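Encoded as structure tokens, the structure appears first; notes follow it.
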Amino acid sequence: MNISIRQIHPVFVGEVSGLDVARPLSPEEVAAVEAGMDRYAVLVFPDQKITDDQQMVFSRNFGAIEDARGGNITKPEDKRLQAGMNDVSNLGRDGQPLERDSRQRLFNLGNMLWHSDSSFRAIPAKYSLLSARVVNPAGGNTEFADMRAAYDALDADTKAQIEDLVCEHSLMYSRGSLGMLDFTEQERAMFRPVRQRLVRRHPVTGRKSLYLSSHAGGIVGLPMPEARILLRDLTEHATQPRFVYAHAWRQWDLVIWDNRQVMHRGRRYDQRQSRDMRRTTIAGDAPTVAQVSTVA
Ligand SMILES: [Fe+2]
């Protein structure tokens, strides 16, 4: 085994060398990547020229691939990629950039808000793995914020105040904050809010982190404006430059992040240009808090 990891940001993020993700991994190599994820929360693997099938095989080393249903508004007949692959491009089935007024494109702009993938699911995601197939000549960075460091830096009063708070997350909250409010009855049912703890503890390291996301739009027991002000305040704190790493993509970069420990956001780019990024998502194994049964 030849893996080495070099930390490339003062508080998190490692760059990995000595691993070809296109070939089968030994149990020791899988363990080394997991240990790197637990420590650095984001790992960058440069120069990994992979196919969708190779990406899915590599991803399954870390758990089951999440069922993507209920995570977007793209109709099955408009999907460009096979089941198991999340399309983070700006492309339609014809391989061309989506039209400016495409609802699919406008919905996907929500990825430019700080979030944690699948925080709108009762069992939220573990890792996301994003492979850069076609990158933009300018713009389009992905930024990551370390929610462990952000939690550690809170004052004791705030930590005590938020310790047991439970938030409500929905894709309707993140998209609603961009003025996208025209959801169908079917979408409203699909995007019904779920509950997540605001402070979570990592299952391996035991470190606490802030579980924030633009999908969070309410806090149980708090009036809505009070909840939203608190969430905004915490998000502002957690995304200060000292907690943020900006990744400038090169073609064939593969980046893995732990959604339990970081938030991320895409940055703007010229959407008339093609951008092709493909994500696999590793399912989490437990909810962060009990859900309430809702009346259908
Ligand atoms: Fe995302």
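These numbers come from a predicted model, not from an experiment. Order of listing sets the numbers, starting from 1, for every ligand and every atom in it. Nothing fancy with the numbering, it's 1 onward along the sequence.
Taking a cutoff of 4.0 Å between a charged side-chain nitrogen and a carboxylate oxygen, Lys75 and Asp78 do not qualify as a salt bridge. We find that Glu29 and Arg23 are joined by a salt bridge, their nearest charged nitrogen and carboxylate oxygen being less than 4.0 Å apart.
Within a 6.0 Å radius of NZ in Lys49, other residues, nucleotides and ligands contribute 12 heavy atoms or fewer. For Arg103, the CZ atom counts as densely surrounded, since its 6.0 Å shell holds more than 12 non-hydrogen atoms of other residues, nucleotides or ligands.
Classification of the His169-Tyr211 ring pair by plane angle, with boundaries at 30° and 60°, yields parallel.
By the 4.5 Å heavy-atom criterion applied to side chains, Asp87 and Lys79 are not counted as neighbours.
Protein N/O/S atoms closer than 2.8 Å to the Fe ion (ligand 1): His115 NE2, Asp117 OD1, His264 NE2.
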